[in-house]
Amino acid sequence: MSQSLTREELQTVMAEADLLKSREEVEAALDRMAGEITAQLSDTMPVVYAIMNGGLVMAGQLLTRLNFPLEQGYLHATRYRGEFTGQTDLQWQAPPSIPMDGRTVLILDDIFDEGHTLAEVVKSCFAQGAKEVLTAVLVNKVHNRKNPDLAVDFVGCDVEDRYVFGYGMDYRSFWRNADGIYAVKGL
Ligand SMILES: O=P(O)(O)OC[C@H]1O[C@H](OP(=O)(O)OP(=O)(O)O)[C@H](O)[C@@H]1O
Ligand SMILES: Nc1nc2[nH]cnc2c(=O)[nH]1
């Protein structure tokens with residue numbers, strides 16, 4: 001985070017934000033995604049990786065909806081680092097730890113924006129020997145700046161092209177805990 005924020009400023013951001021998806025809408029999206037993932041992966045004993053930090057909340061809420069044997073781990077890759085626009089380089093802060101050689105891998109993340117983060121993570125999983133790699137995101141941001149190398153397999157909901165926070169997504173490293181998906185006023 002490049003500058004410090006006061007509690008009052010952070011409360012104002014929340015008070016002025018637009019609610020794009022309520023908790024009820026997110027829960028319905030997670031239920032539907034869990035059904036789709038179960039139909040496709042329940043026989044595969046997959047390794048399911050959450051991308052930290054943003055994927056933490058989505059993964060926690062999705063995983064208990066999956067009622068089949070799987071292994072769960074995390075990796076930390078970041079390119080926004082608390083800012084509103086992403087850097088070109090993806091910084092790996094924690095590599096995956098569960099071996100994926102010959103396995104089906106499912107990657108969970110909060111948001112598919114330009115797609116560079118997921119594209120690089122998927123590439124890295126194949127380089128580590130994964131047999132197949134699938135991706136699931138809670139939010140797809142709709143615009144025409146997507147990385148052409150990536151198609152996400154499971155999507156919770158679409159949002160407009162604004163900076164969003166809540167359900168794991170940050171506003172300058174805060175408000176990942178917000179119980180809805182919000183868009184920042186003016187962004
Ligand atoms: O599709 P993209 O344009 O690549 O953006 C999506 C990525 O950006 C966010 O991560 P960030 O780099 O902010 O790290 P964080 O999860 O630690 O907040 C988010 O969690 C996704 O991983
Ligand atoms: N918090 C947050 N992180 C992102 N990473 C890529 N796009 C976004 C966004 O809209 N919000």
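In each ligand, atom 1 is the first atom listed, and ligand 1 is the first ligand listed.
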Give the residue and atom name of whichever protein heavy atom lies nearest to [atom], and the separation in Å to one decimal.
atom                    : result
atom 11 (N) of ligand 2 : Val164 O, 2.7 Å
atom 7 (C) of ligand 1  : Thr117 OG1, 3.5 Å
atom 14 (O) of ligand 1 : Thr78 OG1, 3.1 Å
atom 5 (O) of ligand 1  : Tyr80 CE1, 3.1 Å
atom 18 (O) of ligand 1 : Arg176 NH2, 2.9 Å
atom 7 (N) of ligand 2  : Asp113 OD2, 2.6 Å

Subject >> Part of Asp109 with heavy atoms under 4.0 Å of ligand 1, whether side chain, backbone, both or neither >> reply: side chain
Original post:
Judging by distance only, is a nitrogen or oxygen of Gly115 under 3.5 angstrom from one on ligand 1?
Top reply: yes
**OP:** Please determine if Phe112 has a nitrogen or oxygen closer than 3.5 Å to a nitrogen or oxygen of ligand 1.
**Re:** no
Any heavy atom of [X] sitting closer than 4.0 Å to ligand 2?
X      : result
Tyr163 : yes
Lys141 : yes
Arg162 : yes

Original post:
Side chains of Glu8 and Thr12: do they bring a donor and an acceptor to under 3.5 Å?
Top reply: no
Original post:
Would you say Lys141 touches ligand 1, if touching means a heavy atom closer than 4.0 Å?
Top reply: no
**OP:** Tell me which one of Asp110, Leu118, Ile111, Asn147 gets a heavy atom nearest to atom 20 (O) of ligand 1.
**Re:** Asp110
Subject >> Set of ring-ring contact (aromatic ring centres under 6.0 Å, His included) partners for Tyr163, sequence neighbours left out >> reply: Phe84
